Amino acid sequence: MDRYYINDLSNDGNNVYGHVTFYYLAGGYWYQGATKSTGEFDYWNTPRVVYVSDTLKSWGTAARTGSKVCVQLGWPVPDSCSASTYASVSY
């Protein structure tokens, strides 16, 4: 499960969202699982906590998430995102 604290501190009207890719360890290799998003939020200066989850795989021994937050700037400007952070757990 990934938890996002989403808030548009700049209060500029651009939507913000979280994006996560789940990975699972099996046989010494990381396999990419689901890629999910929090959906876009236009809550300007109103914080929101959003959870994104995926089901653990029975064939895996550990899980890892690659998470980032982004701001949607509108066409033709590409979304601007933070660097991804990674957290792992064994199960």
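Nothing here was measured: the structure is a model prediction, and the numbers come from that model.
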For the residue pair Y86 and Y23, does the interplanar ring angle fall in the parallel (under 30°), tilted (30 to 60°) or perpendicular (over 60°) class?
tilted

Exercise: do D54 and Y24 side chains pair donor with acceptor under 3.5 Å
yes

Between the side chains of Y17 and N15, does any donor sit under 3.5 Å from an acceptor?
no

In sequence, state the C-alpha distance, the side-chain angles, and the governing distance for V49 and R3, and then conclude on side-chain contact (heavy atoms from CB on, under 4.5 Å).
CA-CA 7 Å; V49 176; R3 177 180 173 226; 3.4 Å; yes

I'd like to know if the side chain of T65 and the backbone of S67 have a donor-acceptor N/O pair within less than 3.5 Å.
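Answer holds: no.
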
Verdict with supporting geometry, R64 and F22, side-chain contact (heavy atoms from CB on, under 4.5 Å):
CA-CA 6 Å; R64 174 181 287 171; F22 294 90; over 6 Å; no

Contact between V20 and Y4 at the side-chain level, heavy atoms closer than 4.5 Å - yes or no?
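Yes, at least one pair of side-chain atoms sits under 4.5 Å.
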
Does the side chain of T35 come within less than 4.5 Å of H19's, by heavy atoms?
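Counting from C-beta outward, H19 and T35 do come under 4.5 Å.
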
Atom pair NZ (K36) and CG (D2), whose distance is rounded to the nearest 0.5 Å:
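Between K36 NZ and D2 CG, I get 11.0 Å after rounding to 0.5 Å.
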
Would you say Y29 has more than 12 foreign heavy atoms packed within less than 6.0 Å of its OH?
no

Taking all heavy atoms of [X] and all of [Y], pick out the closest pair and write down the distance.
| X | Y | value |
| --- | --- | --- |
| K68 | A83 | CB-O, 4.1 Å |
| G60 | A26 | CA-CB, 4.4 Å |
| L56 | A63 | CD2-CB, 3.9 Å |

Candidate pair N14 and Q72, rule side-chain contact (heavy atoms from CB on, under 4.5 Å), full reasoning:
CA-CA 6 Å; N14 291 317; Q72 184 183 30; 5.9 Å; no

Could you walk me through whether S80 and L73 pass side-chain contact (heavy atoms from CB on, under 4.5 Å), step by step?
CA-CA 7 Å; S80 179; L73 298 174; 4.0 Å; yes

Are V89 and L25 connected, step by step, through hydrophobic side chains (Ile, Leu, Val, Met, Phe, Trp, Tyr) whose heavy atoms are closer than 4.5 Å?
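Different clusters.
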
